[in-house]
Each structure stands twice: as structure tokens, then as C-alpha cells.
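For reference, the structure discussed in these notes is given below.
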Amino acid sequence: MKEKRMNCETARNLCILSALADMGHFPTRESKREAWFLSPFRKETKASFKVSKVLNRWYDHGEGVGGNLIDLMTRITGSSVSEVLELLDEGSYSMSPAPIKATAKTKKGIIVGEVMDICHPALVQYLEHRCIPMAIARSYVKEVHFKMGNRDFFAIGLENRKGGWELRNSFQKLCSSPKAIAYFKEDRKYLAVVEGMFDFLSLKAIGPAWLVDSDIVVLNSLAFANNLKGFIDGYTHCKLLLDNDGAGDSMTKSLLEQHSKFKDGRELFCGFKDLNEKLRYDHLMKIEKGVGLNHIL
């Protein structure tokens, strides 16, 4: 049993980089003094969220706000300060603000409860907004209920190969420990690699002809991309479908230089940031063409 409960003074000194990694957020670039992330508060393609390794403080340039770990956790989880302190007290965050390499740690911050087929209207609506057919969603992801601190949440969950869950809803982007790659293996000839859950679901929805001959790896973080060499034995080639942004470009270039089996497959969504953006655009074009045809008739 712990002798002391978490207090604000102690919590402010916990490592922000470690906490972000535990929640599934990893830097797109970093130096000895700072790390830059895609903002955990919104969807963006250029990193605007900075963490000072020297000060152990964060600053979101997109909104002009910043602070310590308590400020960050209250915003991400929507919890009160006391609830955040309880959540942090259950975890195993680093006590040092010194620079660390962002890796996921096993902790009790997210307690996964009931796992079921997707049925909650809010999650169904969210999938519709992302243009993911329910038949595809129910084949690969689940409705996951989980607890953070004293609060209950639910999200769309993709289980990784170590039993952890990537968790997404309209307001949160989280993961339960352990964080790892998800691997959909059916002993096909090719391997396709995507960054995240909605890239995977979007690829299934787009359904290029070559996909029927492909197994799929979902990285769940670019931090795991350098582990791919352990997967490519036995495949004719490995098609990379990483995001069309700075981080995706850099990692794709690095992997192409590492092995001849790696191929850049991003022509599938050329002109779009990721597979889901391409899917939503195609869906919108179909709607507009349908409206136009109805108007003529």
C-alpha cells in the first residue's frame, strides 16, 4: 500500500513526455531540448504542440495555451484536478523531467471493462462521419468501455497483438497498455502497412484490388515502424501507406532505404493527407454526383 497519495506539487513534476506516450502520443520530431507532437486536442497535419524537456512544460501553439501535466490531463480527459490526481496515482509515470525516449509503459491509468460489438449510437454516428461502413467496422473493431480515474468512458477499440487497445471516439485518442502493433495475418503474398486504426478501416473500405492478396500491419505509432523488418520475411513486398505529411514522408524514405521489399504505396491516396481523408472525399463526390443526377431527372 502506498504511504502517500498523489498531490499537485508531485504531479506537476511528472514527466509530460512519459504521460503522452502512455496515452499513445509520440513526437513527430524532437531535439535535446524539446519535442513536437500533433496536438492531442484536435486533428492536424503539422505538429503545433511542443513539450519543453528542460522545463517539463507543454505549449499548444494552435490555441495559445500551455501548462504542466495536470493542465494537460484535465484537458485531454475532461476530468477534474482531483480525478486527474487519482488517475496519476494509479500509474507509473517517470518522476523526472529529464529527457526520455517516448515509449509506452504498463500502467493502470486506463482500465478496460466490457468489450462488445459496436452498438452505441454515438459510436455509430462517429463511424458514419468517418465514412466507415458498419459491416467493416464490426468485423475488425469493438465497442470498448473503460475507466480513467473515477470516470467511465467508451470508444471504438482496435486490439493490438499484445492485448492492448487503441481507443477512439469523437473526443479522445487514447490507448490501453501495452501499446503495440496490430497484425492481421492470413498468410497472403503481400504485406500492407498503415499508421492507425482509421487508416486500416479506410483501406478496407476503399478495397483496392491488391488488398485481397495482402496481410495488414497497423503500426498504431510511427515509433514502431523500425520494427517492420521483423515482419517482412515470407512476403513478396511490403506496401507502405503512411500519411502524406512530414513524419510519414521521413519514415517512408527511411524504410525504403533499409530494404528492397518496402514499396511506397501512397499513390492510392495521392493529394490527400491519409486514407480516411481520401475515403471521405470519395464519399462526398458520390453524394454530389447523386444529387446532380437527381436534379437532372
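We count residues from 1, following the sequence as given. Note that these values count all heavy atoms, side chains included, but never hydrogens, waters or copies made by symmetry. None of these values were measured; they are calculated from a predicted model.
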Check against salt bridge (charged side-chain N to carboxylate O under 4.0 Å, His left out), E166 and R168: CA-CA 7 Å; E166 296 298 313; R168 302 289 183 272; 3.2 Å; yes

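- The aromatic rings of Y126 and F198 stand perpendicular to each other, their planes meeting at an angle above 60°, with 30° marking the opposite boundary.
- Looking at heavy atoms from C-beta onward, K263 lies out of side-chain contact with C238 at the 4.5 angstrom threshold.
- Between F153 and F146, the ring planes lie parallel to each other; the angle is under 30°, not in the 30° to 60° tilted range.
- Following chains of ILVMFWY side-chain contacts shorter than 4.5 Å, one cannot reach W36 starting from L55, and the two form parts of different hydrophobic clusters.
- Of the inter-residue distances, the one linking N13 atom CG with C8 atom SG reads 11.5 Å to the nearest 0.5 angstrom.
- Remark: the backbone N or O of D199 is not paired with any side-chain donor or acceptor of K204 at under 3.5 angstrom.
- Every residue two or more places apart in sequence or in another chain that forms a ring pair (Phe, Tyr, Trp, His ring centres under 6.0 Å) with H120 is listed here: F154.
- Taking the six-membered ring where the residue is Trp, the centroids of F200 and F184 are separated by under 6.0 Å.
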Worked check of side-chain contact (heavy atoms from CB on, under 4.5 Å) between L268 and K278: CA-CA 9 Å; L268 180 63; K278 164 67 172 173; 6.0 Å; no

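- Distance alone, capped at 3.5 Å, is enough to place a donor-acceptor pair between the S214 side chain and the W210 backbone.
- Across all non-hydrogen atoms, the minimal contact from G66 to D71 is O-OD2, 4.3 Å.
- Listed for the N160 side chain is a donor-acceptor partner under 3.5 Å among the backbone atoms of G164.
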Trace of the side-chain contact (heavy atoms from CB on, under 4.5 Å) decision for V124 with C119: CA-CA 7 Å; V124 172; C119 60; 6.0 Å; no

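- Here the CG atom belonging to N276 is positioned 7.0 Å from the SG atom belonging to C131, to the nearest 0.5 angstrom.
- Within the 4.5 Å cutoff, the side chain of M134 has heavy atoms near those of the L127 side chain.
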Full working for side-chain contact (heavy atoms from CB on, under 4.5 Å) between V144 and I156: CA-CA 6 Å; V144 179; I156 298 163; over 6 Å; no

Trace of the side-chain contact (heavy atoms from CB on, under 4.5 Å) decision for M116 with H145: CA-CA 9 Å; M116 65 185 76; H145 291 248; 3.7 Å; yes

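- Residues L201 and L158 have side chains not in contact (no heavy-atom distance under 4.5 Å, counting atoms from C-beta outward).
- Distance check, rounded to the nearest 0.5 Å: CD1 of I181 to NZ of K162 gives 9.0 Å.
- Heavy-atom minimum distance, V51 versus I16: CG2-CG2, 3.9 Å.
- Formation of a donor-acceptor pair under 3.5 Å by the D215 side chain with backbone atoms of D187 is found in this model.
- Remark: the backbone N or O of F272 is paired with a side-chain donor or acceptor of N244 at under 3.5 angstrom.
- For T252 and D249, the side-chain atoms include no donor-acceptor pair closer than 3.5 Å.
- Between C175 and L167, the closest side-chain pair of non-hydrogen atoms is not below 4.5 Å.
- Connection of F37 to L69 is established within a shared hydrophobic cluster, with ILVMFWY side chains joined at heavy-atom distances below 4.5 Å, either directly or through further cluster members.
- For the atom pair M197 CE and R130 CZ, the distance stands at 9.5 Å (nearest 0.5 Å).
- Contacts of K46 classified as side-chain contact (heavy atoms from CB on, under 4.5 Å), with partners at least two apart in sequence or in another chain: none.
- When atom types are taken as modelled, the side chain of S139 and the backbone of A135 share a donor-acceptor pair closer than 3.5 angstrom.
- Residues A35 and L17 come closest through the heavy atom pair CB-CD2, 3.9 Å.
- Between F231 and L191, the shortest heavy-atom distance links the atoms CB-CD2, 4.1 Å.
- Between F41 and W58, the two ring planes are perpendicular [angle over 60°; tilted spans 30° to 60°].
- Pairing each heavy atom of L211 with each of L203, the nearest pair is CD2-O, 3.5 Å.
- A single hydrophobic cluster is seen to contain both L279 and L123, as judged by linkage of ILVMFWY side chains at heavy-atom distances under 4.5 Å, directly or through other members.
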Test log, rule salt bridge (charged side-chain N to carboxylate O under 4.0 Å, His left out), inputs E63 and R75: CA-CA 12 Å; E63 297 185 18; R75 290 205 57 176; 2.8 Å; yes

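- Taking the side chain as every heavy atom from C-beta outward, L240 and L228 approach each other to under 4.5 Å.
- Contact record, I132 with A137: CG2-CB, 4.1 Å, taken as the closest heavy-atom pair.
- Remark: W165 pairs with no residue by the ring pair (Phe, Tyr, Trp, His ring centres under 6.0 Å) rule, at least two apart or across chains.
- A continuous path of hydrophobic side-chain contacts links Y183 to I232 [ILVMFWY only; heavy atoms under 4.5 Å].
- A salt bridge does not link E30 with K50: none of the charged nitrogens is closer than 4.0 Å to a carboxylate oxygen.
- Between the side chain of K261 and the main chain of Y235, a donor-acceptor pair closer than 3.5 Å is present.
- Looking only at distances, no side-chain donor or acceptor of E34 sits under 3.5 Å from a matching main-chain atom of S52.
- Contact annotation: the side chain of V217 never approaches that of V194 to less than 4.5 Å [non-hydrogen atoms, C-beta and beyond].
- To the nearest 0.5 Å, the span separating OG on S48 from CG on L38 amounts to 8.0 Å.
- Residues forming a ring pair (Phe, Tyr, Trp, His ring centres under 6.0 Å) with Y190 (at least two apart in sequence, or on another chain): H237.
- By the ring pair (Phe, Tyr, Trp, His ring centres under 6.0 Å) test, F269 is found to be paired with no residue, residues two or more places apart in sequence or in another chain being considered.
- Contact of the L256 side chain with the D264 side chain is registered, since non-hydrogen atoms from C-beta on lie closer than 4.5 Å.
- One distance of note links NZ of K179 with CZ of F224; it measures 6.5 Å at 0.5 Å rounding.
- Electrostatic pairing of D282 and R280 does not count as a salt bridge here, judged by no charged N lying under 4.0 Å from a carboxylate O.
- Side chain of K53 to backbone of S31: a donor-acceptor contact under 3.5 angstrom is found.
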Criterion ring pair (Phe, Tyr, Trp, His ring centres under 6.0 Å) on Y59 and H61, from CA distance to verdict: CA-CA 6 Å; Y59 187 79; H61 287 268; 4.7 Å; yes

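- N220 places a side-chain N or O within 3.5 Å of a backbone atom of A180 that can act as its donor or acceptor partner.
- Residues satisfying the side chain to side chain donor-acceptor pair (under 3.5 Å) test with E277, not counting sequence neighbours, are none.
- Salt-bridge formation is not detected for the pair R188/D213: no Lys NZ or Arg NE/NH1/NH2 atom is positioned less than 4.0 Å from an Asp or Glu carboxylate oxygen.
- Counting heavy atoms from C-beta outward, N226 and Q258 have side chains that approach closer than 4.5 Å.
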